[in-house]
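Start at 1 and go down the list; that is how both ligands and their atoms are numbered. A quick note: this is a predicted structure, and the numbers were derived from the prediction, not measured.
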Amino acid sequence: MTIETAELGLKKYFGYDRFRPLQQRAIQAVLDGKDALVLMPTGGGKSMCFQIPAIISEGVGIVVSPLISLMRDQVKGLRQNNIKAAFLNSSLSMAEAGLVESAVLKGNVDLLYISPEKLLSERFYNVLRSIKINLFAIDEAHCISSWGHDFRPEYTKMASLKQQFPNVPIIALTATADKLTRKDILKQLSIPNAEVFIDSFDRPNLYLEVRPGQKRIEQIVQFINERPRKAGIIYCLSRKNTEDLAGKLQAKGLKAMSYHAGMPSDIRSQVQDAFINDNIQVVCATVAFGMGIDKSNVRWVIHYSLPKNLEGYYQEIGRAGRDGLPADTLLFYSYRDIMILRNILEGDDDRLTRLKLEKLERMRQYTDNYECRRKVLLNYFSETLSTNCNNCDVCNNPPDFFNGTVITQKALSAVYRTKENIGTELLINILRGAHRKEVLEQGYDKIKTYGAGREYSHFQWKYFVEQIINKGILEIGYDDRNKLKLTKQSFAILFGDEVVKLVKYVDPKETKLANQFKFKAKSKKQILEEELLIELTNTRKVLGQANGIPPYLIFDDKTLKELSIKKPILKSQFSEISGISEKKMELYADNFINAIREFITFKLSSGEKISGMTYWVSFFMYEDGLTIKQISTKRQVQEKTIIAHLGKVYELGDDFPIHEFVSEAEIIAIGEKLYNFDDEIKLKPIFDSFEGKISYPKIQFALAHLRKIGEI
Ligand code: ADP
Ligand code: ZN
C-alpha cells in the first residue's frame, strides 16, 4: 500500500487533497507496519493518521479511546463519509453489542472504536483472535501514564497488546506534550522502537487575549454581541458561578446555559446536545465540560476566572477553532482569583501543594507579561517561537510604558504609613481620598498620602497596583489576610534610587482590535459572503436535524466558508471544495447548490451585483423555460451576450445542452474554418465565410464547445 493510494482515499472519503506533512510521515510508517507515537495539538489532524491506513488496508482498524461519550458522534461522522465504522462500549445493550460483533466477524467493519474495558474483555478477545486486524490506534494515549494529568488505570492493561499481537502496528496518539509522559507511553505499550512524530503545539488560529477582570459581565456581553451566532464556551471556577453567569446572560437576551458535574446527567446531556446542535450559543461551564465534545466550530472560549495552570488553560482554549479557522480566546484575571485559587489548591500534601502553587504562579506570570503571549505560552511547553505571533493582544497593542516612579512611591508610602495593615481596595480608597467608613475609622484620612492619587480612577489604580505587585515591589501577605507588605525593593524606590516603568491603562473598548471590529467598513463582497454563509449555516442545520446528526458533522465551518466565497453552482465546481467526500457530495450537494442558486437569484433580482455571477442568472432563466430572446428582453441585454453567458456555463460543466442549438457537423465545419484566420477569433469573418448560412448563435455555441475541449 502506497502513500499515493492513501491520498486517493483522503480525497474520496474526506474530500481533502493533501496530507499534512506529519500525517503523511506517520501514515507511511503505519503502512510499513511500524509502531508510531503521534503528538499533535488539538485540531492537528490526528485521527486521519489511523483512519486512512485502517480504511485502505485489508482488515479492521481497532481504535481504543477512553472518551465513550464521543464515540457515537465520531462513528456517525465517519458513516457520513461512507466509511464502515462501528463502536463498542458499555452504552450499548447486549443485543446491540452482539450485532456489532457479528458485523466485525463478517468483515463488514473497517474501523472499530472501542473502550479499553471492552477491548480487554475475554469475550472480545476471542473476536480479535479470529479477524484480521490492520492496526491498533490508542487515542488519548497519555491516559496510560500516571505522570499525565488524566491517568486511567484501565489503560495500563494494554501493555499486553503487543505481546498478543506482535505483528499488528500500534499507533499511539495524544495532544499532551511533556517528555516524561511520552517516554512512559512507549514503555507501557511495549513499543520501544516506535517512530515518534512531534508536531508544533502552536495553534496559530487562536487569538490570545488577557484582560483585567473588572466589569466582566459587561465585557462578556459586548464580546458575545460582537460575534452574533458564533458558539462559545465560558469556563468558570465554581458550579454556582456557571449558573449565575448563565442567568445574567439570559437576562441580556443571550441563548446561554450552564453545565457542571453537579447537574443531573440527563440535563447535562441536554445542554451538551443543544450546544452541539447549534441550538444555544453559549455554555457557561466548569472544566468538566469539553472532554466529551468534539464540536469543531466552537468560535471562542472565555475564562471567567484564572485557570489553575497553563496546561489546563491551553487545553481549554484548545476547544476553540478545531476546524483551523480563526477563533478568539479571552482570559480575565484579578487578584481575587489568585487568592481564591490559592485556597482551593492548599492541600495536605506539602510537596504537591507547592507544585500546584508554582504552576499557579506561572499562570499568573502569563497574565502579567508584556511580551507576545504565544511566545510565553509555547515557551512553557518547551517550544520557541522565533518571531512575534501578531495574533495576541500584546502584539496587537504593544504596551505603552511611562515613568511610574511617583505613582509607585505614593502607593508605597501609603502602605508604609498604614503600617502594612491594608489590602488593595483600602489602599486605593486612601490614595483616591475616599470618604469611606473603613478609611475614616482608622484615621487614614490623616496620613500624608490621603487623596494623593485623585487624578486616577479606581480602575486605573487597580491596574497600577497589580503591576506593582507583579514586579515584586509590593507583596501580598497571604498569611495575613492578604494585606500588602513592603519588600526590599520598596525601600529602594521610596528613597528614589530606582525608576519604575508602568504600563498605561487602555480601556479594552478602545484597543486597536476593538476598533477594527467596530469601524472597519466591510466591502460589499464580504457582506454578501457573510449573508450567504448565514443561509448555508441554516441549510446545514436543517439537514442536521433531518438526518439526526450534529450540523458540524455535515460540513465544518471551513467548508461552509469556502462555499460562501466560491459559490459553486455546478456539481463539478462543488466537488472541488475542500472537505467534501464522495458520499457527502451525493447526500448534500443538491441542497447546498440550491441554497446558493436561490441566494444569487434573489440578490441579482433585487438589483445587487455579484461579480462573476451574471451568466448564471441567464442560465437559471433558461432553465425556467425562457427562450434566449425572452431572457434578452427581460435582462435588457443583447441576445449575443445571453448566448455568451450560456456558452460560458456550457464551458464550465455539462449543464447547458448546446447541441440543441448547433449540430456536431456544424461544429466541425466551423472548427475547420478557423484555420483560415489569425490568432484572434472574430465572429463576423466566420459568419461571412459561410455566406450567412450558419447563424451567429450557432457560431458562438460552436466556439464555446471548441474552447471547452481545448481546441482553441
Ligand atoms: P485532532 O484529532 O488532532 O484534534 P482532527 O483529526 O479532529 O484533529 O482534525 C482536525 C480538523 O482538521 C478536522 O476538521 C479534519 O477534518 C481536518 N483535517 C485533518 N487532516 C486534514 C488534511 N490533510 N487536509 C485538510 N483538513 C484536514
Ligand atoms: Zn503575539
Side-chain angles (χ1 to χ4, degrees), residues 3 6-11 13-27 38-52 63 65 67 70 73-74 77-78 80-81 83 113 137-141 171-177 197-210 290-291 293-298 315 318-325 327 329 366 369-379 385-399 513 550 552-562 577-581 584:
I3 200 77
E7 212 151 63
L8 289 179
L10 181 71
K11 182 75 193 164
Y13 291 107
F14 295 96
Y16 300 128
D17 291 325
R18 241 160 274 106
F19 286 116
R20 294 173 180 156
L22 212 70
Q23 281 178 331
Q24 169 150 352
R25 287 170 46 212
I27 289 170
V38 176
L39 299 146
M40 279 184 192
T42 312
K46 284 185 285 300
S47 346
M48 223 54 91
C49 300
F50 57 83
Q51 285 169 346
I52 286 286
V63 187
S65 166
L67 305 175
L70 281 186
D73 277 350
Q74 277 169 334
L78 290 163
Q80 282 284 305
N81 286 331
I83 294 163
Y113 281 72
I138 316 293
D139 210 0
E140 313 290 338
I171 172 168
L173 309 105
T174 172
T176 296
F197 301 96
I198 305 179
D199 204 357
S200 162
F201 271 69
D202 189 14
R203 299 276 314 276
N205 60 322
L206 299 185
Y207 180 73
L208 306 172
E209 180 173 5
V210 179
M291 265 307 246
I293 60 159
D294 215 5
K295 186 176 166 73
S296 68
N297 59 340
V298 175
Q315 192 169 44
R319 302 202 168 116
R322 290 185 64 149
D323 51 18
L325 287 180
T329 76
Y366 170 77
N369 105 84
Y370 298 102
E371 250 194 283
C372 167
R373 302 241 184 243
R374 201 171 307 272
K375 273 190 171 169
V376 179
L377 199 54
L378 288 175
N379 201 337
L385 195 66
S386 56
T387 54
N388 287 343
C389 78
N390 279 324
N391 198 27
C392 74
D393 55 349
V394 180
C395 284
N396 268 1
N397 289 288
L513 190 82
Y552 75 90
L553 286 182
I554 295 198
F555 291 138
D556 67 16
D557 280 13
K558 208 170 187 166
T559 300
L560 283 200
K561 183 143 195 177
E562 201 178 326
I577 307 287
S578 168
I580 299 181
S581 64
K584 284 190 182 168

Do side-chain atoms of [X] reach the backbone of [Y] as a donor and acceptor pair under 3.5 angstrom?
| X | Y | value |
| --- | --- | --- |
| K558 | L325 | no |
| S578 | T559 | no |
| T174 | E140 | no |
| N391 | P204 | yes |

- Message: Show every salt bridge (Lys or Arg N to Asp or Glu O under 4.0 Å) that has at least one partner inside residues 13-25, sequence neighbours left out.
- Response: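 Listed by first then second residue: K11-D17.
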- Where at least one partner belongs to residues 39-49, residue pairs that pass salt bridge (Lys or Arg N to Asp or Glu O under 4.0 Å), sequence neighbours excluded: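 Passing the test, one end in residues 39-49: no pairs.
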- Kindly check if the number of other-residue, nucleotide or ligand heavy atoms within 6.0 Å of NZ (K375) is above 12? yes
- Message: A side-chain contact here means heavy atoms from C-beta on lying under 4.5 Å apart; do I52 and F14 qualify?
- Response: yes
- Query: Is there a side-chain contact between Y552 and D294, using heavy atoms and a 4.5 Å cut-off?
  - Reply: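 Yes, side chains in contact.
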- Are there any protein N/O/S atoms under 2.8 Å from the Zn ion (ligand 2), and if so, which? C372 SG, C389 SG, C392 SG, C395 SG
- Query: For ligand 1, what are the residues with a heavy-atom contact below 4.0 Å?
  - Reply: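 Ligand 1 is contacted, at a heavy-atom distance under 4.0 Å, by Y16, R18, F19, R20, Q23, P41, T42, G43, G44, G45, K46, S47, M48, R322, D556.
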